[in-house]
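Note sheet for the following structure.
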Amino acid sequence: MSNKSLVSITDYSKEDILRILNLTKKFDENPNRRLLEGKVCATLFFEPSTRTRLSFETAVNRLGGRIIGFTDAATTSSSKGETLKDTILMVNNYADIIIMRHHLEGAARYASEVSSVPIINAGDGANQHPTQTMLDIYSIYKTQGTLENLTITMVGDLKYGRTVHSLIIGMSHFNPTFHFVAPEELRVPDTYKKFCDERGIKYEEHINFSPDVINKTDILYMTRVQRERFTDLMEYEKVKNVYILKKSMLDGSKDNLRVLHPLPRVNEIDQDVDDSPKAYYFEQAKNGMFTREAVICDALNIHID
Ligand code: CP
């Protein structure tokens, strides 16, 4: 790679992850530092987003940088047939870094190969969402005080959920035990099970979202069924409400259990969970701003001290 792009969580070693976490902690202590003065950051969102785009843009604003970009590709010349390559080459003329979300798996990798400035993948299809992983790992560290030897239960759409795929890889450095809870149609892809097998990472698959699983869990990672990835909406209808976490289901859980969700949620976490001290998903989203400040500075080789 010709620049310091972040396309997949596999671009980060364990040492990189720990370094970014350390940097994130500093931004958590003080998010307002004028480290991006004179820099222009482009946010190219070919797919909808609330928190990823807004937390990236808030991160840039808090660091004194400027933002250009779009939130709807229909308003850009890609709607006239301009290729992704030409779009990236144009934005290279204007911006110091590109933050991009695209519906096609591999789009961020391709962009990083043609771009002269770093590309940060803000989600490519059902593939990867590495900055979400970094904020998830930071949230896990902040709530558990360690990343090592944790039991992580992932629930819902483990087939299309890109945050799940990235988190399996990101946490693989820290000897986790995974429980994958999904209906048959949405099981975690074989490639991620093979990844775990090759590294001796323990995992179990479950169809039932049972108290037995919840009660041995440190991190309960709920996910939304990804309606936009289904080609047959009848298939979506069959599985859309397959698991719904209710507050009473946490009654026998460990004191340190925290419920995470990349958000947005639809029905998979009942509103009654929100006032549980174990609900952490809104703080998790806030951590995204600090994490993205760290990722941007790291990609641009900007040091805090
Ligand atoms: N978690 C996440 O990617 O949220 P948005 O789709 O709102 O950016």
Side-chain angles (χ1 to χ4, degrees), residues 6 8-31 55 128-155 158 161 163-181 188 192 195-204 206 211-223 245 249-250 252-263 269 273 276-295 298 304:
L6 173 58
S8 163
I9 197 66
T10 56
D11 295 339
Y12 280 166
S13 63
K14 180 176 183 177
E15 290 67 36
D16 291 329
I17 289 174
L18 294 174
R19 182 168 45 77
I20 299 288
L21 289 189
N22 207 24
L23 203 49
T24 301
K25 190 165 175 286
K26 291 185 181 167
F27 285 117
D28 192 345
E29 287 157 8
N30 176 12
S55 62
Q128 286 271 321
H129 194 350
T131 63
Q132 177 72 45
T133 305
M134 287 310 305
L135 79 88
D136 291 343
I137 294 178
Y138 183 64
S139 300
I140 293 170
Y141 181 74
K142 228 174 138 175
T143 59
Q144 305 298 312
T146 180
L147 293 173
E148 299 287 345
N149 308 319
L150 295 172
T151 298
I152 300 175
T153 298
M154 298 174 162
V155 182
L158 309 189
T163 67
V164 166
H165 304 159
S166 293
L167 189 58
I168 291 169
I169 297 170
M171 284 305 294
S172 69
H173 301 291
F174 306 102
N175 192 36
T177 299
F178 290 122
H179 291 273
F180 299 133
V181 182
V188 71
Y192 295 99
F195 175 90
C196 290
D197 289 336
E198 285 168 356
R199 286 157 185 80
I201 294 167
K202 300 175 285 301
Y203 68 87
E204 287 177 19
H206 312 265
D212 182 43
V213 173
I214 294 173
N215 294 351
K216 57 183 153 202
T217 292
D218 299 307
I219 291 292
L220 184 55
Y221 194 87
M222 299 297 297
T223 66
L245 178 67
M249 293 164 71
L250 299 175
S253 65
K254 293 166 77 172
D255 289 345
N256 65 302
L257 175 139
R258 291 295 176 274
V259 181
L260 270 60
H261 189 309
L263 303 178
I269 300 180
V273 181
S276 163
K278 295 181 176 176
Y280 193 74
Y281 27 94
F282 295 120
E283 289 97 326
Q284 179 189 358
K286 182 176 179 184
N287 291 335
M289 184 176 65
F290 312 129
T291 308
R292 286 167 175 134
E293 289 185 296
V295 167
D298 188 70
I304 224 173

Quick check: do [X] and [Y] have side-chain heavy atoms less than 4.5 Å from each other?
X	Y	value
Thr153	Ile219	no
Tyr12	Pro130	no
His179	Lys202	no
Arg19	Leu23	no

For [X] and [Y], does a side-chain donor sit closer than 3.5 Å to a side-chain acceptor?
X	Y	value
Ser139	Asp136	no
Tyr221	Thr163	yes
Ser172	Arg199	no

Using ring pair (Phe, Tyr, Trp, His ring centres under 6.0 Å) as the criterion, list what pairs up with Tyr138, not counting sequence neighbours.
none
To the nearest 0.5 Å, how far apart are [atom1] in [X] and [atom2] in [Y]?
X	Y	atom1	atom2	value
Leu245	Leu250	CG	CG	5.0 Å
Thr133	Ile168	OG1	CD1	10.0 Å
Asp255	Asp218	CG	CG	11.5 Å
Ile214	Leu220	CD1	CG	6.0 Å
Asn287	Met289	CG	CE	9.0 Å
Leu167	Tyr192	CG	OH	11.5 Å

Could you go through the side-chain contact (heavy atoms from CB on, under 4.5 Å) check for Asn215 and Lys254 one step at a time?
CA-CA 6 Å; Asn215 294 351; Lys254 293 166 77 172; over 6 Å; no
Under a 3.5 Å distance rule, please check whether [X] uses its side chain to pair with a backbone N or O of [Y] as donor and acceptor.
X	Y	result
Asp298	Val295	no
Thr217	Val213	yes
His165	Leu158	yes
Asp11	Ser8	yes
Glu293	Thr24	no

[X], [atom1]: over 12 other non-hydrogen atoms inside 6.0 angstrom:
X	atom1	value
Lys278	NZ	yes
Lys25	NZ	no
Tyr141	OH	no

Any chance you could lay out the side-chain contact (heavy atoms from CB on, under 4.5 Å) test for Ile140 and Leu147, step after step, and finish with the verdict?
CA-CA 7 Å; Ile140 293 170; Leu147 293 173; 3.9 Å; yes
Among residues at least two apart in sequence or on other chains, which ones pass side-chain contact (heavy atoms from CB on, under 4.5 Å) with Asn22?
none
Identify, with sequence neighbours excluded, every residue that meets side-chain contact (heavy atoms from CB on, under 4.5 Å) alongside Tyr281.
Val259, His261, Leu263, Arg265, Ile269, Val273, Asp274, Ala279, Gln284
I'd like to know whether Met134 forms a side-chain contact (heavy atoms from CB on, under 4.5 Å) with Ile17, so could you lay out the CA-CA distance, the side-chain angles of the two residues, the decisive distance to 0.1 Å, and finally the verdict.
CA-CA 7 Å; Met134 287 310 305; Ile17 289 174; 4.0 Å; yes
Asp28/Lys142 ion pair, N-O < 4.0 Å
yes
